[in-house]
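Quick caveat, the model's predicted, so the values are computed rather than measured. Just so it is clear: chains get the letters A, B, ... in the order the sequence lines come, proteins before strands, and each one is counted from 1.
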Number of protein chains: 2
Amino acid sequence: MNTPEPMTAVENRLVQLNPHVSVDCVIFGFDEGDLKVLLIERNLDERDHQSRLYSLPGNLVNDNEDLDKSAMRILKELTSLENLYLEQFYAFGDPDRVKNSTDAQWLNAVRDVPTARVITVAYYSLVKIGDYQTAPSSFARKTWWCPVSEAPDLAFDHNKILNSALRSLKNKLRIEPIGFELLPKKFTLGQLQKVYETILGTVLDKRNFRRKILNKGFLKPLQEKQKGVPHKRARLFEFDQETYDNLKSGQFNFEF
Amino acid sequence: MNTPEPMTAVENRLVQLNPHVSVDCVIFGFDEGDLKVLLIERNLDERDHQSRLYSLPGNLVNDNEDLDKSAMRILKELTSLENLYLEQFYAFGDPDRVKNSTDAQWLNAVRDVPTARVITVAYYSLVKIGDYQTAPSSFARKTWWCPVSEAPDLAFDHNKILNSALRSLKNKLRIEPIGFELLPKKFTLGQLQKVYETILGTVLDKRNFRRKILNKGFLKPLQEKQKGVPHKRARLFEFDQETYDNLKSGQFNFEF
DNA sequence: GCGGATGGTGTTTAAACGAAACAATTGAAA
DNA sequence: TTTCAATTGTTTCGTTTAAACACCATCCGC
């Protein structure tokens with residue numbers, strides 16, 4: 001796969017005609033009342049977070065690989081998790097999006113044709129942060145769960161992509177019940193409310209929230225309760241996929 | 001630009017590595033209470049609509065051309081209109097999406113590398129159908145404003161793309177006031193209601209619709225009235241962009 | 001056993017919505 | 001020229017939905 005020789009004319013032409021296509025993933029997690037995004041560190045120097053260079057996980061789309069499959073592959077390589085919530089939200093195609101000088105060096109090390117244009121299809125994913133195991137086997141790259149509110153300057157146009165992902169997530173959360181994807185399988189209503197408040201950027205009334213979300217009918221109350229907390233133990237709930245699917249096949253509309 | 005010779009090994013590899021990228025446009029119009037989509041006819045035989053082959057307008061993305069620019073170019077070539085409402089909604093990348101046998105023949109005639117994979121970024125656009133002039137200058141292709149409810153089998157995965165566009169449009173219409181983009185600059189509330197009813201697939205109460213939409217404040221009533229109708233002449237309205245922008249910069253939420 | 005923190009609950013009030021009745025304006029038909 | 005059919009536009013009223021709001025319960029650690 002290495003092409004150390006200078007490109008031939010025909011190669012050049014084809015590279016120009018056919019931009020590379022990549023997939024980038026904005027992987028969201030939720031922890032301690034904070035929305036986080038999984039970043040990967042590109043060069044492994046030992047300075048502090050401020051001066052390190054981070055980017056979103058992503059890679060070129062393989063031969064004969066569907067875009068969704070490609071995103072799933074990247075997710076699995078990085079998190080060793082499967083069946084994650086995954087949503088394509090936008091394609092970024094500015095011809096100069098990978099032409100920034102600070103990025104060129106890195107591209108030289110990683111790509112066959114570092115000067116080529118790259119169009120990227122961006123996905124966001126929601127993971128239960130507790131299920132995530134850091135730095136799985138084959139991947140030597142360092143990762144960082146970064147609070148989205150403190151995201152540093154990222155490679156390429158990745159800040160733009162992150163912001164766009166946030167907007168899309170916000171819209172989606174109003175239309176479909178996906179908040180629980182960020183929580184453990186069993187969760188309390190307090191935790192769920194925190195997810196909604198954080199993503200929507202508002203504070204919500206506890207009583208109205210509980211009523212609204214429970215009346216939808218797809219949250220199954222469990223007998224089990226929270227353990228080891230220094231206050232009254234909250235009831236645990238599970239998302240009831242079957243009930244939700246039934247509702248959806250009717251003319252049910254979520255609308256938070 | 002022609003490559004009649006068989007591809008060399010290196011060409012083959014590069015083509016495999018770098019899928020082609022195209023942009024397809026779903027151009028919506030509204031006429032006689034019907035939502036329509038602009039299709040182009042691929043082969044110019046003289047049989048009836050049923051047996052002809054249609055596709056969505058689209059083309060490969062040019063060198064150094066932004067995706068949005070590419071979509072605008074396609075729109076302008078086809079409609080000779082500019083500054084249209086334009087929204088990217090999804091990228092389609094199934095490796096086999098252009099491998100259908102009935103499509104292969106046509107691709108042979110149009111593409112340098114007809115066997116190459118094509119990833120397409122899809123946009124939808126809203127046009128005031130009255131402004132549209134059929135078959136402008138350089139473009140010899142036949143076009144057809146097809147009622148979306150009667151769309152025939154289209155090339156490639158274009159039916160899938162069309163359906164996806166409809167879903168996106170529906171969602172957007174609930175969140176942002178874009179219905180007027182399909183109407184003449186001056187329109188009646190009756191016309192606007194019809195747009196909403198058609199796209200959302202519901203019937204709406206006239207009185208409630210008027211109250212709801214007028215209370216938003218961005219519809220400017222004109223002195224002018226409808227002409228040439230066999231009944232009471234309805235008042236004409238204009239969308240007031242400035243007022244809307246002001247509202248939006250506050251914490252205004254549309255939510256139809 | 002007391003303080004800190006969060007869980008859990010019902011009512012009241014205002015705004016939005018849906019449905020009805022009705023008045024007004026026009027062109028066409030009788 | 002009168003009547004009719006069609007559609008616009010306003011007012012009203014009851015219903016439904018959403019927003020605002022305060023207190024006690026429970027658990028842990030000290």
- Candidates C:dG7, D:dT10, C:dA19 - which lies nearest the side chain of A:T188: C:dG7

- Message: Is there a side-chain contact between B:K212 and the phosphate of C:dC17, meaning an N or O under 4.0 Å from OP1 or OP2?
- Response: yes

- Looking at C:dG7, does its base get a donor-acceptor pair with the side chain of A:R210 below 3.5 Å? no

- In terms of the nearest nucleotide of DNA chain C, which residue is placed more toward the 5' end: B:E255 or B:G228? B:E255

- Note on the structure: Atom NZ of B:K216 and atom C1' of C:dA15 are separated, to the nearest Å, by 12 Å

- Give the rounded distance in Å between these two atoms: CZ of B:F209 and C1' of D:dT10. 17 Å

- Note on the structure: Between CG of B:L192 and C1' of D:dT8 the distance, given in whole Å, is 15 Å

- Message: Does B:K194 qualify as a cation-pi partner of B:F30, given the criterion of NZ or CZ under 6.0 Å from the six-membered ring centre and within 45 degrees of its axis?
- Response: no

- Nearest whole angstrom, please: distance from the P of D:dT7 to the CD of B:Q191. 14 Å

- Measure from the side chain of A:K232, starting at C-beta and using heavy atoms only, and say which of D:dT7, D:dT26, D:dA19 lies closest. D:dT26

- Task: Mind calculating the distance between CD (A:Q226) and P (D:dA25) to the nearest angstrom?
- Result: 20 Å

- Which of C:dA5, C:dA19, C:dT26 is nearest the side chain of B:H231? It is C:dT26

- Message: Taking atom types as they are modelled, would you say the side chain of A:K206 forms a donor-acceptor pair with the base of C:dG8 within the 3.5 Å cutoff?
- Response: yes

- Item | Atom of A:E224, atom of A:K186 and distance for their closest heavy-atom approach | OE1-NZ, 2.8 Å

- Message: Counting the atoms with a prime plus P, OP1 and OP2 as sugar-phosphate, which does A:R207 contact under 4.0 Å by heavy atoms, base, sugar-phosphate, or nothing?
- Response: base

- Would you mind reading off the distance between A:R211 atom CZ and D:dA20 atom P, rounded to a whole angstrom? 12 Å

- What's the CG-P distance between B:D205 and C:dA16, to the nearest Å? 17 Å

- Taking only N and O in the side chain of B:R233, is any of them less than 4.0 Å away from OP1 or OP2 of D:dT7? no

- Item | Electrostatic pair B:E87:B:K172 at N-O distance under 4.0 angstrom | yes

- For residues A:Y123 and A:I74, determine if any side-chain heavy atom of one lies less than 4.5 Å from a side-chain heavy atom of the other. no

- Message: Given the ring of A:F254, does A:K216 sit roughly above its face, with NZ or CZ under 6.0 Å from the centre of the six-membered ring and within 45° of the axis?
- Response: yes

- Message: By the 4.0 Å heavy-atom rule, please label B:R235 as base, sugar-phosphate, or nothing.
- Response: sugar-phosphate

- Query: Of B:F237 and B:P230, whose closest DNA chain D nucleotide lies nearer the 5' terminus?
  - Reply: B:P230

- Query: Once you round it to whole Å, what is the distance between P of D:dT7 and CD of B:Q193?
  - Reply: 13 Å

- Message: Please determine whether any donor N or O and acceptor N or O are separated by less than 3.5 Å between the side chain of A:N208 and the base of D:dA20.
- Response: yes

